[in-house]
Number of protein chains: 2
Amino acid sequence: MNKAPTKETMEGWIQLHRSHRYLLERVESALKSEGLPPLDWYDVLLELKRVKKTGLRQYEISGKVLLNKHNLSRLIDRLEKNGLVQRNACPEDGRGNLIKITSAGEKVLKQAWPVYSHVIEESFGTILKSDEIVELTRVLSLVLGRAERLT
Amino acid sequence: MNKAPTKETMEGWIQLHRSHRYLLERVESALKSEGLPPLDWYDVLLELKRVKKTGLRQYEISGKVLLNKHNLSRLIDRLEKNGLVQRNACPEDGRGNLIKITSAGEKVLKQAWPVYSHVIEESFGTILKSDEIVELTRVLSLVLGRAERLT
DNA sequence: TATTTTTGGTTGTGATTGCAACTATATTGA
DNA sequence: TCAATATAGTTGCAATCACAACCAAAAATA
């Protein structure tokens, strides 16, 4: 145990770190320049849209987007304040609440999609070959396979 | 132009985003739990150590670690306040300064390395095969190939 | 059932970030 | 040479984040 990583391992991680920062920066600045909310909003809204009818508990959202609970709680505050989601009392668990997307929330998703997707296509999709992307996805999902919900 | 990304492209990006968040979270919390400074400090110090003698201008560091200039400026403030780097006047450009790592800075690098590397090895290095990591690195460096210094 | 522990979520507070405005020096170009 | 513009870095401020402490309900345990 406690084996040191190979040089390639560290290089891979650094590349992951940098390329992520690079892409994220591009996405965020594109969204902002169009007057759209940041990517985190999109991520959460998208998860909510996928289960539109039933809604999601905060801990479920947290598990999906990997945001810790206090940040998520306040993110939901902001979404709610902007009318993009609703906090509903949760019948089976008095502690929690059930978050549902509103139609305004869906509208934001629709508006953000072209901007978001264009950046990703331009800076990522067209740079790599299709099979490279598929392989990348496979490999990274192995890493994430271990992921559990953040506290 | 303005082509929509394929489904795989978007999936790949999402996987990149989530796995990065996951790994970063692990690294940061490991560092913190050992009383060590955050990863950004490490990144900057490492770049400085690579050119120990000559030092680096802030814009050079910025180009390497992809931090924008105002955040970097304040990060250097913190490093300097903790005695890990020195800001030296820059002879050929009166606007800028030349940042150099101190021996205390090198010591921090040394202390952080085992903690940092252990997490990466455990959560990344051992999960993937060596050739998967090499390929991942290659592909991501293509993405980053376009990267220029952030404003 | 009563007590303890765990879980879901919120909130106070200080640190960090992002944006925009700013200073000062360098570079360009008329 | 002198004005205009670009670049390097800093700073004020508001928004966001991380940590810890907290509350309330649920689950586990006695």
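So you know, we letter chains A, B, ... as the sequences are listed, proteins then strands, and number each from 1.
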Legend entry - Inter-residue atom distance B:R57.CZ - B:E60.CD, 0.5 Å rounding: 7.0 Å

Inset, instruction - Tell me whether the OP1 or OP2 atom of D:dT7 has a side-chain N or O from B:Q58 closer than 4.0 Å. - result: no

Inset, instruction - Round to the nearest Å and state the distance from B:H70 atom NE2 to C:dG18 atom P. - result: 6 Å

Legend entry - B:Y22 and B:R18: side chain donor to acceptor below 3.5 Å: no

Inset, instruction - Specify the residue among A:G94 and A:L75 whose closest nucleotide of DNA chain D lies further upstream toward the 5′ end. - result: A:L75

Legend entry - Whole angstrom value for the distance that separates P of D:dA21 from NZ of A:K69: 13 Å

Inset, instruction - Name the residue closer to the 5' end of DNA chain D, choosing between B:S29 and A:P38 according to the nucleotide with the nearest heavy atom. - result: A:P38

Legend entry - Side-chain donor or acceptor of A:S73 paired with backbone N/O of A:K69 under 3.5 Å: no

Legend entry - Between C1' of C:dG8 and CG of A:L67, the distance in whole Å: 16 Å

Legend entry - Nearest-0.5 Å distance that lies between atom CG in A:L16 and atom CG in B:L144: 11.0 Å

Inset, instruction - Starting at atom CG of A:N68, determine the distance to atom P of C:dT11, rounded to an integer number of angstrom. - result: 16 Å

Inset, instruction - Any chance you could measure A:I120, atom CD1, to B:M10, atom CE, to the nearest 0.5 Å? - result: 5.0 Å

Inset, instruction - Measure the distance from CD on B:E25 to C1' on D:dC17 and round it to the nearest whole Å. - result: 13 Å

Legend entry - Side-chain donor/acceptor of A:R87 to base of C:dG8, under 3.5 Å: no

Inset, instruction - Kindly say if A:K32 contacts the phosphate of C:dC19, meaning a side-chain N or O under 4.0 Å from OP1 or OP2. - result: yes

Under 3.5 Å, which protein N or O atoms sit close to an N or O of nucleotides 1-6 of chain C? Give each pair with its distance.
none

Legend entry - Rounded distance (Å) that lies between atom C1' of C:dT17 and atom CD1 of B:I76: 16 Å

Legend entry - Sugar-phosphate only, base, or nothing, as touched by B:N97 at under 4.0 Å among non-hydrogen atoms: sugar-phosphate

Legend entry - Atom-to-atom span, CD of A:E92 to P of C:dG9 - whole angstrom: 12 Å

Inset, instruction - Mind checking A:D77 for me? I need base, sugar-phosphate or nothing, with any heavy atom below 4.0 Å counting as a touch. - result: nothing

Legend entry - Test salt bridge (Lys or Arg N to Asp or Glu O under 4.0 Å) applied to B:E80 and B:R87, B:K100, B:R74, the passing residue: B:R87

Inset, instruction - Quick one: sort the B:W113 and B:Y116 rings into parallel, tilted or perpendicular, breaks at 30° and 60°. - result: perpendicular

Legend entry - Side-chain N,O (B:S73) to OP1/OP2 (D:dT10) below 4.0 Å: yes

Inset, instruction - Supply the atom-to-atom distance B:I76 CD1 to B:I61 CD1, rounded to the nearest 0.5 angstrom. - result: 4.5 Å

Inset, instruction - Side chain of A:D93 only, please: which of C:dT10, D:dA25, C:dT17 is the nearest? - result: D:dA25

Legend entry - Under-3.5 Å donor-acceptor pair between B:R74 side chain and C:dG18 base: yes

Inset, instruction - Using heavy atoms to find the nearest nucleotide of DNA chain C for B:R78 and A:R57 separately, return the residue whose nucleotide is more 5′. - result: A:R57

Legend entry - Between C1' of D:dA8 and CG of B:N71, the distance in whole Å: 15 Å

